[in-house]
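These notes are about the structure you will find just below.
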Amino acid sequence: MCVLPLVVSLVNLIFGVDQAELVFAGDAMQHMAQIEAARQQDGTYDYSDCFAEIAPMIQSADYAVVNLETPIGSGDFTGYPCFNAPASFARALRDAGFNLMLTANNHTLDRRDRGVHATIDSLDAAGIEHIGTYHNAAARDSLSAFVRNISGIRIGFLNYTYGTNGITVSGDAVVNYIDRGKIAEDIASLRDAGAEIITVAVHWGDEYHLLENSAQRSLADFLVDQGVDLVIGGHPHVIQPMEVRHNDELGKDVLVVYSLGNFISNMKTRDTRGGAIVRVSLVKGKDGVARFDRASYDLVFTVPPSSPGDNFRLVPAYDYEGGRWQAACRAFVKAAEDIFSRHNIKVGRTAR
């Protein structure tokens with residue numbers, strides 16, 4: 001059990017500080033083996049077992065965010081290279097505790113415009129908040145200032161992708177691509193809407209590289225200069241370093257996470273079998289100023305089915321013992337810890 005958040009909450013209560021705890025997870029993917037494992041005899045798809053063991057980790061936060069790296073459709077479900085997953089997958093993520101799903105990623109247009117529309121409709125029907133793709137320009141304009149009051153702190157969220165695998169929009173659908181001018185405008189819109197903390201989730205980087213590239217560093221520099229408080233990255237399918245920077249001009253710390261890796265998938269190499277979950281603490285003191293306070297990480301690991309009828313399971317990587325995949329889990333943890341111990345700046349493992 002992690003007692004630190006409880007202790008901090010009691011201290012903050014005594015000293016009149018508002019605190020919000022956020023959780024960010026990586027790429028929630030649906031390869032064909034996952035879809036087939038979830039398929040029931042009646043033709044429905046059940047993902048309820050997938051997240052049961054890590055749900056407490058997600059639900060302990062005030063607000064949780066995950067990258068939905070697949071369109072959500074109906075029928076003709078497919079995995080790589082053109083994804084299309086059942087609606088029950090997104091609902092299972094919701095039930096595990098996720099409040100917000102990011103939809104701007106390189107697989108957004110796998111089912112072209114109709115996939116964008118179907119995903120939005122499915123998430124809306126399930127009561128799941130989402131950002132990154134929109135039915136049309138008017139919908140984007142109405143939703144671009146996505147700000148939520150979380151435990152007394154007004155937090156704005158933005159989501160962008162480097163591209164969509166060469167597929168382009170053919171109709172009215174809108175995908176948020178990385179465009180520095182547009183990002184600056186969106187940040188200004190969040191501030192005008194009253195955001196005290198600004199979070200930008202970015203799909204970027206080189207797949208399977210455990211260190212960020214120069215383009216990621218450059219964009220992170222730009223976002224920090226724009227006054228962003230949290231920069232959360234995905235796409236490489238492996239973890240990459242996390243760092244706390246200091247914005248000297250604004251006199252505040254900023255969190256930059258280059259990649260959280262895979263949340264759940266059927267990828268099979270050592271570094272793609274799991275990912276990181278980052279826990280972020282925001283505070284607002286008696287001076288009324290909200291700020292990023294601290295961050296920590298935990299690791300999760302995807303356990304494939306061991307026999308017919310089993311499903312893929314996501315487990316806390318540090319706690320997984322005795323199973324067929326224990327050696328693979330330990331290898332993933334060791335490699336991730338090696339990167340984090342050498343490259344992270346002021347971001348350590350979540351205390352338990």
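- Between E196 and R154 there is no salt bridge, since none of the side-chain N atoms of the basic residue sits less than 4.0 Å from a carboxylate O of the acidic one.
- For R342 and D338, the salt-bridge test passes: some basic side-chain N is under 4.0 Å from an acidic carboxylate O.
- Residues L230 and F292 form a side-chain contact, since some pair of their non-hydrogen atoms from C-beta on lies under 4.5 Å apart.
- Donor-acceptor pairing under 3.5 Å is recorded for the side chains of N213 and D206.
- The backbone N or O of P241 sits nowhere less than 3.5 Å from a side-chain atom of N344 that would complete a donor-acceptor pair.
- With a 4.5 Å cut-off on side-chain heavy atoms, V278 and L260 count as touching.
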| query | Given the rule in the side-chain hydrogen bond (donor to acceptor under 3.5 Å, both in side chains) test, do T119 and S122 qualify, once you have shown the distances and angles that lead to the verdict? | reply | CA-CA 5 Å; T119 301; S122 181; over 6 Å; no
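- The six-membered or imidazole ring of Y162 lies away from that of Y177, with a centre-to-centre distance of 6.0 Å or more.
- One finds no salt bridge joining R39 and D46 here, because no Lys/Arg side-chain nitrogen approaches an Asp/Glu carboxylate oxygen to under 4.0 Å.
- Both cation-pi conditions hold for R180 and F222: the charged atom is under 6.0 angstrom from the six-membered ring centre and inside a 45 degree cone around its axis.
- Nearest heavy atom pair, residue G227 against residue K252, reads O-NZ, 2.7 Å.
- Across every non-hydrogen atom of N84 and I72, the tightest pair is OD1-C, 3.8 Å.
- If you check the side chains of N67 and E69, you find a donor sitting under 3.5 Å from an acceptor.
- The pair K182-E185 meets the salt-bridge criterion, since a charged nitrogen lies less than 4.0 angstrom from a carboxylate oxygen.
- A cation-pi geometry, defined here as NZ or CZ lying under 6.0 Å from the six-membered ring centre and within 45° of its normal, holds between R148 and F146.
- Contact check for M242 versus V256: no side-chain heavy atoms found under the 4.5 Å cut-off.
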| query | So Y258 and R217, side chain to side chain contact (heavy atoms under 4.5 Å, CB included) or not? Walk me through it. | reply | CA-CA 9 Å; Y258 286 108; R217 290 192 293 271; 3.8 Å; yes
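- In this structure, Y160 has its ring center at least 6.0 angstrom away from the ring center of H203.
- Classification of the F157-F24 ring pair by plane angle, with boundaries at 30° and 60°, yields tilted.
- F263 approaches V300 most closely through the heavy-atom pair O-CG2, 4.1 Å.
- When the options L282, V280, V283 are evaluated for a side chain to side chain contact (heavy atoms under 4.5 Å, CB included) with D293, the one that passes is V283.
- With hydrogens and angles disregarded, no donor-acceptor distance shorter than 3.5 Å links the side chain of D113 to the backbone of V169.
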| query | What's the verdict on side chain to side chain contact (heavy atoms under 4.5 Å, CB included) for L158 and L190, showing C-alpha distance, side-chain angles and the deciding distance? | reply | CA-CA 9 Å; L158 296 168; L190 287 181; 3.5 Å; yes
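- Side-chain atoms of Y208 and D271, non-hydrogen and from C-beta on, never get closer than 4.5 Å to each other.
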| request: Begin from the C-alpha positions of L211 and H343 and carry the test side chain to side chain contact (heavy atoms under 4.5 Å, CB included) through to its verdict. | output: CA-CA 9 Å; L211 295 177; H343 298 282; 3.6 Å; yes
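- Under a 3.5 Å cut-off, the side chain of N136 and the backbone N or O of D172 do not form any donor-acceptor pair.
- Side-chain atoms of Q59 come within 3.5 Å of backbone atoms of D95 as a donor-acceptor pair (strictly under, hydrogens ignored).
- Remark: the backbone N or O of T103 is paired with a side-chain donor or acceptor of T108 at under 3.5 angstrom.
- Between A126 and R94, the shortest heavy-atom contact is O-NH1, 2.8 Å.
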| Derivation and outcome, salt bridge (charged side-chain N to carboxylate O under 4.0 Å, His left out), residues K346 and E243 | CA-CA 6 Å; K346 297 181 180 180; E243 60 187 35; over 6 Å; no
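- E129 and Y63 share a donor-acceptor pair across their side chains, judged by distance under 3.5 Å alone.
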| task | Take Q326 and E321 through the side chain to side chain contact (heavy atoms under 4.5 Å, CB included) test and state the conclusion after the steps. | result | CA-CA 6 Å; Q326 179 174 305; E321 294 182 355; 3.7 Å; yes
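- Using cut-offs of 30° and 60° for the angle between ring planes, the F89 and F51 rings count as tilted.
- Under a 3.5 Å cut-off, the side chain of D27 and the backbone N or O of M29 do not form any donor-acceptor pair.
- Residues forming a ring pair (Phe, Tyr, Trp, His ring centres under 6.0 Å) with Y318 (at least two apart in sequence, or on another chain): none.
- In this structure the side chain of Q226 never reaches within 4.5 angstrom of the side chain of I183, judged on heavy atoms.
- A perpendicular orientation is assigned to the rings of F83 and H31, their planes being inclined by more than 60° (bins at 30° and 60°).
- Contact check for R291 versus D253: no side-chain heavy atoms found under the 4.5 Å cut-off.
- For S265 (side chain) and N262 (main-chain N/O), no donor-acceptor pair under 3.5 Å exists by modelled atom type.
- Checked against I197 for a side chain to side chain contact (heavy atoms under 4.5 Å, CB included), the options I150, L22, I153 give a single hit: I153.
- Y47 and Q30 share a donor-acceptor pair across their side chains, judged by distance under 3.5 Å alone.
- I155 has its side chain out of reach of V147: every pair of non-hydrogen atoms, C-beta onward, lies at least 4.5 Å apart.
- Side-chain heavy atoms closer than 4.5 Å link hydrophobic residues (I, L, V, M, F, W, Y) into clusters, and following such links, even through other members, never connects L68 to L102.
- D221 and R245 are joined by a salt bridge, as a carboxylate oxygen and a charged side-chain nitrogen come within less than 4.0 angstrom of each other.
- What you find for A317 and C329 is that their closest heavy atoms are O-SG, 3.3 Å.
- Remark: E21 engages R294 in a salt bridge, criterion side-chain N to carboxylate O under 4.0 Å.
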| said: Between Q19 and S151, is the side-chain hydrogen bond (donor to acceptor under 3.5 Å, both in side chains) condition met? List the steps. | reply: CA-CA 6 Å; Q19 179 186 16; S151 299; over 6 Å; no
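- Below 30°, between 30° and 60°, or above 60°: for H135 and H117 the angle between ring planes is below 30°, a parallel geometry.
- In this structure, N165 contributes its side chain and N106 its backbone to a donor-acceptor pair below 3.5 Å.
- Checking N311 against D49 by side-chain atom types alone, no donor-acceptor pair falls below 3.5 Å.
- Both I339 and I232 are assigned to one and the same hydrophobic cluster, defined by single-linkage of ILVMFWY side chains at heavy-atom distances under 4.5 Å.
- Donor-acceptor pairing under 3.5 Å is lacking for the side chains of R279 and T350.
- In the model, H130 has a side-chain atom that pairs as donor or acceptor with a side-chain atom of D124 under 3.5 Å.
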| request: Give the C-alpha distance, both sets of side-chain angles, the deciding distance and a yes or no for side-chain hydrogen bond (donor to acceptor under 3.5 Å, both in side chains) between D192 and S189. | output: CA-CA 5 Å; D192 290 343; S189 295; 5.4 Å; no
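- Side-chain atoms of T44 do not come within 3.5 Å of backbone N or O of Q40 as any donor-acceptor pair.
- In this structure, the side chains of N176 and R140 come closer than 4.5 Å at one or more pairs of heavy atoms.
- Summarising the geometry of A52 relative to P56, their closest heavy-atom pair is O-CD, 3.7 Å, with the distance given to 0.1 Å.
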